[in-house]
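Down below is the structure, laid out as structure tokens.
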There are 2 protein chains.
Amino acid sequence: MTTVLIVDDQPLQRYGFHLLLDSVPETVVVGEAAHGAEAVRKTAELRPDVVLMDVRMPGMDGIEATRRIVAAGGRSRVLVLTTFDLDEYVHAAIRAGASGFLLKDARPEELLAGIRSVASGDAVIAPALTRRLLDEYARYVPAHRADSPEDPGLGSLTDREREILVAVGKGWTNGEIATRFVLSESTVKTHVGRVLAKIGARDRIQAVIFAYDHGLARPNED
Amino acid sequence: MTTVLIVDDQPLQRYGFHLLLDSVPETVVVGEAAHGAEAVRKTAELRPDVVLMDVRMPGMDGIEATRRIVAAGGRSRVLVLTTFDLDEYVHAAIRAGASGFLLKDARPEELLAGIRSVASGDAVIAPALTRRLLDEYARYVPAHRADSPEDPGLGSLTDREREILVAVGKGWTNGEIATRFVLSESTVKTHVGRVLAKIGARDRIQAVIFAYDHGLARPNED
DNA sequence: GGGCACGTAGTACCGCGGTACTACGCGGCA
DNA sequence: TGCCGCGTAGTACCGCGGTACTACGTGCCC
């Protein structure tokens, strides 16, 4: 039995989903919300397995609501729905931590299958969107492991050296690394030098690039 | 009517797929192949809408075969199948240009729905794999457009400055940039200085990070 | 006990990178 | 006509980064 919270600003739309979900035995609608803020509050209160979330809503939109629900850390999964297959929505929803993204014109059985997948911890993407997602994925995600036969050095780095490389990847200067790691700058230089030699980088800039290419450095932190 | 080429080294497996696909009116099996090389040849010859590709095969594996089929530029789409949900396979298959990735334990209707999606130009990913794919996607794909409200400076960069930033993002030294752009090193320094000021970076390292975070620099080129 | 990997630390040297400031030609616009 | 943005170029200065080399303590394994 999967508990579902329906979030949509249009009462008629909510009604339609409610009817659909009640028509099958495996899902039960435990609540409805008309906007983002209410969605966040009711999710915390009702702890549904799945939150069926519309993107476009007045006030707090579905993306922001998703972000907050995911950040709250409960076990509720968010399945985002939209009428338009705009890339920005998909992109933002994924970054917000959504477990799925479907179009509202999906067939009923697709929606139910999606809810089922999301409830069981998997994720779903509408086929019409998957194409572009994969293209972007292939463009950006580095070809670490199994693809590039020999990552020169990565494996030969010691734990400490890998830590240093990550720090370099964050753009920290030797002095900053020394301070944060509580080391002398000399030591940092020694480490950095060894890292550069091992990964075959001529300077820390190429080390930063190496770190990004191998997934050691990531956007959005620091 | 969707034409399908079945690629699998195990005759019994091929037989199973053949039976399944022949049991519905919308698909017709136009051929079979037992290994990668045969798959590439028969795809070129039979021009199927969809190639049902096993990953694990003796000789040329499914990934390499996929790469060649996609590279050939025909209109055949490749739907990769595997028994194991190893990340490396998914990763490699996507990079090879596959239009879909399903597990062999998928229910028949899932497989047929997948073939349908792929034939119509969309893509599919098994729900069990989508979760990890999305996580990785969110990790790596930059938050360009619509996500970060104010890219400080990116828009204020002139065309030339953006070129310079991309070059910096590749890890090139000022001297190298000067050579490749046929400029004096002084000019390059002037440009780099202005770029740093505009994007709010204190040195070229943070400019590299900025470039990666904003999708100006990407893995796998140079 | 001796060797070895690793993390730590130091000194000395040099060059690239970054800053500050000036300068000029070109095209567009008021 | 003059101003301004842009791309180009130069000089001077300084500091961080990188290299080379040495050194020592600790833990591990033969």
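Naming: A, B, ... by sequence-line order, numbering from 1 per chain. Everything numeric here is computed off the predicted structure, so don't read it as measured data.
Across all non-hydrogen atoms, the minimal contact from B/Ala39 to B/Met53 is CB-CE, 4.3 Å.
For DNA chain C, the outermost nucleotides in 5' to 3' order that have an atom under 4.0 Å from a heavy atom of chain A are C/dC6 to C/dT11.
For the pair A/Asp203 and B/Lys189, nearest-nucleotide mapping onto DNA chain D gives the more 5' position to B/Lys189. Across the interface with DNA chain C, nearest-nucleotide mapping of B/Ala201 and B/Arg194 shows B/Ala201 to be the residue nearer the 5′ end. Mapping B/Thr190 and B/Arg204 onto DNA chain C by nearest heavy atom places B/Arg204 at the nucleotide closer to the 5' end. Taking the nucleotide of DNA chain D with the nearest heavy atom to each of B/Leu183 and B/Ile205, the more 5' of the two is matched to B/Leu183.
By the 4.0 Å N-to-carboxylate-O rule, A/Arg132 lies too far from A/Asp135 to be salt-bridged with it. Salt-bridge check for A/Asp54 with A/Arg14: failed, with every basic side-chain N at 4.0 Å or more from each acidic carboxylate O.
B/Ser184 comes within contact range of the sugar-phosphate backbone alone, with a heavy-atom separation under 4.0 Å but no base atom that close. Residue-level contact check: B/Thr173 touches the backbone only, with heavy atoms under 4.0 Å from sugar-phosphate atoms and none from bases.
Put simply, the side chain of A/Leu81 does not reach to within 4.5 Å of the side chain of A/Asp8, judged on heavy atoms.
Side chains of A/Ser76 and A/Arg47: a donor-acceptor N/O pair is absent below 3.5 angstrom, by distance only.
At least one donor-acceptor pair under 3.5 Å links the side chain of A/Glu38 to the backbone N or O of A/Ala34.
Note on B/Arg160: every side-chain N or O is 4.0 Å or more away from OP1 and OP2 of D/dG5.
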